[in-house]
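Letters A, B, ... mirror the listed sequences (proteins, then strands); counts begin at 1.
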Amino acid sequence: MMFTAFGAEHGPGMPSHRGPHMALAVLREILRDSIGNLGAGRSRTILSVIGIAIGTAAVIAMLEIGHTARQHAIRLYEAIGVDFVLVRLDANRAGAPLGFAAARHLADAGLGLDAVAPLAVGHGQAVSAGTQVPVSLVAAGPELFTLTEMAAATGRVVTERDGPALFAVVGTDIAGAITRSTGRPPVVGDHIRAGSAVMTIVGRLAETPINPLIGIQFDRAAVVPASAARRVMPFDGVTQIIGRLTPGFDSERMSERVRAYVHRHTRGGDATVMVSAELIENVEKQMRIYQILLLAIGSVSLVVGGIGIMNVMLMSALERRAEIGLRRAIGARAGEIRAMFLAESVMLSTFGSACGLILGMAIGYVFARLSGWQFVVAPSAVPLGIGMALVVGLFFGSYPAARAAAVSPIEALRAT
Amino acid sequence: MLMPHTADPVRERQMETSAAVREGRAEPGRGGIALRLEGISKVYGAGQRRVTALDNLTLSIGAGQLTAIMGSSGSGKTTLLNIMGLLDAASAGSYHMGGRETARLSSDEMAILRKRSIGFVFQSFNLLPRLTALDNAALPLIYHGLPRRRRRERAARLLQHVGLADHLGHTPAQLSGGQCQRVAIARALIARPALLLADEPTGALDSLTASEILRQFSRVNDEFGVTVVIITHDPLVADHCRRRVTVRDGAILADGATP
Ligand SMILES: Nc1ncnc2c1ncn2[C@@H]1O[C@H](COP(=O)(O)OP(=O)(O)OP(=O)(O)O)[C@@H](O)[C@H]1O
Ligand SMILES: [Mg+2]
């Protein structure tokens with residue numbers, strides 16, 4: 001009987017031409033073989049993978065949350081611009097209130113402010129047709145609407161010509177509350193009461209996103225003419241001024257001058273001046289601190305997971321001495337044993353990182369949803385996850401791989 | 001890293017090696033490889049713990065011979081086989097394999113020679129427990145860069161010829177000792193070696209199974225002329241071999257044709 005299996009193919013029957021091509025083919029087969037070697041999953045392998053997964057999840061979640069938050073902040077500030085200024089007057093019982101006229105003069109005083117809109121803001125309950133909703137009462141001149149680009153969706157906004165008349169333009173949420181209680185949207189001429197003041201509705205504001213600098217929810221506000229301020233507010237004078245920084249003007253200098261101006265006109269009063277550009281910077285600074293913190297947590301978990309992988313691979317190198325000896329006997333070079341072990345540790349860390357990547361993204365998504373933000377995938381998340389897996393796998397796998405490669409074939413074969 | 005071949009001394013040496021091996025051994029089925037050991041010594045340890053496992057041993061084995069090596073325990077048989085199989089380097093002496101001196105080969109060059117020219121069979125089979133018979137037999141071809149499908153095709157054919165066609169998917173735990181050893185023989189043959197080395201291949205088997213295994217070795221030797229060296233304690237096993245070498249204290253005690 002002929003041993004046809006042996007002689008069926010002539011020549012060596014395998015890629016016998018040596019060179020880079022051959023070496024690559026061997027490496028490819030070693031890597032594929034390593035995948036199979038991982039099939040023998042044991043509990044400590046799983047534990048080390050969990051370590052890597054947690055580390056990666058922390059880093060990715062950090063990245064996602066930071067990225068989403070920054071995108072959110074940027075989107076908000078894009079809406080208002082970086083030159084938006086808020087001057088909030090501090091409570092000043094001893095001195096005099098700042099009048100609307102004096103506040104308006106800020107724009108002409110050459111202090112670094114271009115347009116200004118003085119506001120008096122109070123809070124109360126609006127009562128209309130039997131419903132009661134919390135409302136921000138805002139007394140403002142027409143500058144408010146030009147400066148913030150707010151407009152009436154129906155009817156009109158209040159103007160200077162209204163004088164001290166109790167006319168009000170209401171926010172969409174207020175209008176919605178009235179609609180729900182009366183069954184019809186409020187129309188021009190309807191009344192709304194806040195405290196003892198009964199106001200006549202002249203219009204409804206278009207939906208307005210919250211301006212993070214002003215901090216007033218205009219959707220839940222009723223805006224009355226500046227001259228009517230003292231009829232609806234329990235106090236006199238302006239509470240805050242919004243404005244725009246003169247292009248090229250130093251915000252610090254503007255801030256000092258505005259405060260001096262307020263000091264002069266209120267007999268000793270003070271104000272807090274904020275510029276949106278500074279706020280954006282602050283948010284970014286906070287985000288950076290936050291990110292560094294989470295990065296530190298993530299790195300620690302990754303190192304712990306990496307040591308876990310190193311441990312698993314060292315144990316594996318010990319347990320598989322006989323296998324290493326056999327592989328050497330059938331022709332594996334030391335470097336090929338090293339490649340096999342490195343591939344296994346990189347696969348472990350990659351598997352852990354992949355789980356961590358998904359987990360981290362999920363955490364970022366949930367965080368964004370809970371914060372009411374739009375979830376954005378950070379462009380660096382996936383490359384970072386892959387990069388971490390490779391670095392951890394290669395770094396913590398290299399020592400066990402070197403140990404495995406250094407096993408002498410005869411010693412290893414004797415081990416059985 | 002595509003370098004011109006001539007600019008790479010390591011690669012050049014490897015190519016030389018493989019060329020020599022190609023010349024030294026015929027294709028499987030056309031003959032084996034000749035071995036010549038001259039004045040081989042192997043010393044383990046140093047000082048008080050110094051052991052001379054082989055002592056100035058000289059032995060020639062012709063291409064295509066079937067040789068049994070016998071000797072009491074500790075006489076140096078395994079040490080000799082390890083040196084013949086390029087698993088270990090001698091402390092002194094020269095070893096020509098297929099006309100090529102192996103003394104100054106690097107560890108990688110020895111690995112390449114093992115891969116291309118030598119098959120090993122061990123007493124304890126040394127199969128990987130998590131792999132099937134098919135994948136165990138196919139294992140060496142990984143280091144030849146052969147894709148899995150082709151590895152398995154060849155392993156299947158070889159397993160069929162050692163009578164294991166029905167056991168391709170079994171793991172070693174599901175196979176008997178004799179079946180395991182046949183898988184190991186298939187593994188040793190899969191890269192078409194010119195030299196087959198077996199260290200007590202029947203040591204763990206009953207006599208009936210042992211003679212079965214021995215028939216496999218005889219066949220390989222007969223049909224392809226592969227040079228076969230078998231270490232054994234069993235005189236019945238040695239009877240199958242045309243030549244019988246007896247080792248004692250690291251040297252040849254007797255050498256002759258089987259009576
Ligand atoms: N790695 C080693 N370190 C130290 N001494 C060794 C080593 N390997 C073998 N020896 C010694 O060399 C001598 C020969 O050992 P070897 O394994 O070659 O014997 P053997 O003929 O194969 O024996 P057995 O029939 O029991 O397998 C023994 O004395 C052994 O103790
Ligand atoms: Mg022995």
Practice item. Please report the C-alpha distance between A:R333 and B:E109 in whole Å, then the side-chain angles of each, then the deciding distance to 0.1 Å, and finally whether the salt bridge (Lys or Arg N to Asp or Glu O under 4.0 Å) criterion is met. Key: CA-CA 9 Å; A:R333 286 178 270 182; B:E109 288 166 331; over 6 Å; no
Revision key, fill the gap. On a heavy-atom basis, the closest approach of B:A111 and A:A332 is CB-O, 3.9 Å
Exercise for review: Can you measure from CD1 (B:I142) to CZ (A:R327) and round to the nearest 0.5 angstrom?
Suggested key: 5.5 Å
**Study point:** CG on B:L86 to CZ on A:R328, rounded to 0.5 Å
**Key:** 12.0 Å
Exercise for review: Against chain A, label B:L139 side chain, backbone, both or neither, depending on which of its atoms sit under 4.5 Å from a heavy atom there.
Suggested key: both
Practice item. Against chain B, label A:R28 side chain, backbone, both or neither, depending on which of its atoms sit under 4.5 Å from a heavy atom there. Key: side chain
Exercise for review: Mind ranking B:R148, B:Q123, B:R187, B:Q160 by heavy-atom pairs under 4.5 Å with chain A and telling me who comes out on top?
Suggested key: B:R187
Practice item. Can you see which heavy atom on A:G331 is nearest to which on B:K115, and at what distance? Key: CA-CB, 3.7 Å
Practice item. If a pair satisfies side chain to side chain donor-acceptor pair (under 3.5 Å) and one of its residues is in residues 389-405 of chain A, list it, with sequence neighbours excluded. Key: A:Y399-A:R403
Point to revise | Neighbour count >12 (heavy atoms, 6.0 Å) for atom CZ, A:F375 | key: yes
Exercise for review: Give, as side chain, backbone, both or neither, the part of A:I30 having an atom under 4.5 angstrom from any heavy atom of chain B.
Suggested key: both
Exercise for review: Could you tell me whether B:R150 and A:E29 make a salt bridge, using a distance below 4.0 angstrom between a side-chain N and a carboxylate O?
Suggested key: no
Review point. Looking only at heavy atoms, what is the nearest atom pair of B:Y44 and A:I410, with distance?
Key: OH-CD1, 4.3 Å
Check your understanding: Looking at side-chain heavy atoms only, is the closest gap between B:Y143 and A:I330 below 4.5 Å?
Key -> yes
Review point. Could you state the interatomic distance from CG (A:L326) to CZ (B:F122), rounded to the nearest 0.5 Å?
Key: 6.0 Å
Point to revise | B:L87 CG to A:L413 CG distance, which is reported to the nearest 0.5 Å | key: 6.0 Å
